[in-house]
Amino acid sequence: MPPRPIGGYEYLGAFTCSGVLDVADPCHLRKPSRMPASIFALSFAVEALAGSWQVFVRAGVGEDADCTAELAVIHVDGVDVVAAERIVSIGVDAGMAGVFDRTCPEPAQTELHVEGVVHGLGAFAFSGHGDGQYPVFVGKALGRVAKLRIVFIDEHPERDATVPPRASRRYAISEVFAVGDVVDHPKFGTGSVIRAVDGKIEVEFDDAVRTLIHGKR
């Protein structure tokens, strides 16, 4: 069992990270792409917290109940971090995607039949609806990635369901908000902060993502 179970997610185990994680289709781990990463990345590196990481998957619902909807990997010190910053869309060419320590060898085909941890240095999951491109979201602690989510199936992939919902706060231009906060706006209703930078926040409301000013005295 993980140190802290996450409701709605299945725990698959843990792996060790040395400080750099490769997000990749495991059949293309650390292999160069013929196209720029901004267009189609099959392998993408991020600086991450070293140490123990836990692996969780979330199943789809309804007609997608038999599919994996999300792979989430979380550092032991990143459980409460909100992973809502989209950094890349990872390309999938073999029906699966995962997160691997820089020292992890490329998994053999015989190791890719059951999703989970490989070599104690990474983990992978089957990619929901198969090949394509899927968004990758991160949350940071101490300047490095502490939580990473690959979302395969979700109408609102920016929402990080690995953390409990927060109580809403009334929006005011003088208030300071952070990623994951729930904003109660007098005109737009209730929304979640998915990005905060340079005195502005991006808030996902039911009808659209809107940019608001915050922290202005």
Side-chain angles (χ1 to χ4, degrees), residues 2 9-60 67-78 81 83-141 143-154 157 160 162:
Y9 287 77
E10 178 186 358
Y11 178 63
L12 297 186
F15 67 87
T16 301
C17 172
S18 61
V20 177
L21 291 175
D22 290 297
V23 185
D25 178 322
C27 296
H28 296 270
L29 182 59
R30 292 185 291 275
K31 294 179 181 178
S33 173
R34 288 175 292 180
M35 291 185 287
S38 58
I39 298 175
F40 194 80
L42 290 169
S43 187
F44 186 84
V46 296
E47 293 186 348
L49 290 180
S52 180
W53 285 68
Q54 290 137 28
V55 183
F56 298 85
V57 289
R58 174 172 57 84
C67 300
T68 298
E70 178 185 337
L71 170 68
V73 295
I74 306 172
H75 188 270
V76 290
D77 294 328
V81 170
E85 178 187 353
R86 182 170 180 164
I87 58 168
V88 73
S89 288
I90 195 69
V92 170
D93 189 44
M96 61 190 83
V99 182
F100 308 90
D101 182 64
R102 177 48 58 92
T103 64
C104 182
E106 182 178 338
Q109 289 293 328
T110 54
E111 299 173 296
L112 299 174
H113 295 307
V114 179
E115 59 186 15
V117 176
V118 290
H119 299 293
L121 292 169
F124 79 98
F126 300 119
S127 51
H129 290 159
D131 295 347
Q133 286 185 294
Y134 297 97
V136 179
F137 298 90
V138 300
K140 296 180 179 180
R144 285 179 171 259
V145 170
K147 180 185 291 185
L148 186 149
R149 301 185 301 116
I150 307 175
V151 183
F152 303 124
I153 306 170
D154 201 320
D160 184 356
T162 67

Does the His75 side chain pair with the main chain of Lys147, one donor and one acceptor, at a distance under 3.5 Å? no

Under the 3.5 angstrom rule, does the side chain of Arg149 hit a backbone N or O of Pro157 as a donor-acceptor pair? yes

Yes or no on side chain to side chain contact (heavy atoms under 4.5 Å, CB included) for Arg58 and Asp154, after CA distance, side-chain angles and deciding distance? CA-CA 11 Å; Arg58 174 172 57 84; Asp154 201 320; 3.1 Å; yes

Do Val76 and Trp53 come within less than 4.5 Å of each other through their side chains, counting heavy atoms only? no

Scan residues 121-131 for pairs that pass side-chain hydrogen bond (donor to acceptor under 3.5 Å, both in side chains), counting only residues two or more places apart or in two chains. Asp64-His129

Could you tell me if the side chain of Leu112 sits less than 4.5 Å from the side chain of Cys27, heavy atoms only? yes

Before giving the answer on side chain to side chain contact (heavy atoms under 4.5 Å, CB included), spell out for Phe15 and Val55 the whole-Å C-alpha distance, their side-chain angles and the decisive distance to 0.1 Å. CA-CA 8 Å; Phe15 67 87; Val55 183; 3.6 Å; yes

Is any side-chain heavy atom of Leu148 closer than 4.5 Å to a side-chain heavy atom of Val46? yes

Could you tell me if the side chain of Gln54 sits less than 4.5 Å from the side chain of Tyr11, heavy atoms only? yes

Nearest-0.5 Å distance, CG of residue Leu121 to OG1 of residue Thr103: 4.5 Å

Tell me, do Val81 and Lys140 make a side-chain contact under 4.5 Å, heavy atoms counted? no

Taking the side chain from Asp160 and the backbone from Ala83, do they hold a donor-acceptor pair closer than 3.5 Å? yes

For Glu111, give me all partners under salt bridge (charged side-chain N to carboxylate O under 4.0 Å, His left out), at least two apart in sequence or on another chain. none

Roughly how far apart are Met96 CE and Ile150 CD1, rounded to 0.5 Å? 12.5 Å

Interatomic distance, NZ@Lys31 vs CG@Asp25, rounded to 0.5 Å, equals 9.0 Å

Restricting to ring-ring contact (aromatic ring centres under 6.0 Å, His included), what partner residues turn up for Phe126, sequence neighbours left out? Phe124

Closest heavy-atom pair, Ala125 versus Val57, reported as atoms and distance to 0.1 Å, is CB-CG1, 4.1 Å

Ignoring hydrogens and geometry, is there a side-chain-to-backbone donor-acceptor pair from Asp101 to Ser18 under 3.5 Å? yes

Considering all heavy atoms, the nearest Val88-Ala41 contact: CG2-CB, 4.3 Å

Is any side-chain heavy atom of Val73 closer than 4.5 Å to one of Cys17? no

Please name the pair of heavy atoms, one in Thr68 and one in Ile153, separated by the smallest distance, quoted to 0.1 Å. O-CD1, 4.2 Å

Residues which pass side-chain hydrogen bond (donor to acceptor under 3.5 Å, both in side chains) with Asp22, listed by chain and number, not counting sequence neighbours: Arg30, Arg102

Where Ser43 and Ala24 come nearest, the two heavy atoms and their spacing: OG-CB, 3.6 Å

Only counting residues at least two apart or in another chain, list the ones meeting ring-ring contact (aromatic ring centres under 6.0 Å, His included) with Phe152. Tyr134

Nearest heavy-atom approach of Leu29 to Pro107 is CD2-CD, 4.2 Å

Please list all pairs passing the ring-ring contact (aromatic ring centres under 6.0 Å, His included) test where one or both residues lie in residues 96-119, with sequence neighbours left out. none

Closest approach of Val92 to Gly130 (non-hydrogen atoms, all atoms of both residues): CG1-O, 3.8 Å

Aromatic rings Phe56 and Tyr9: how do their planes relate, parallel, tilted or perpendicular, breaks at 30° and 60°? perpendicular

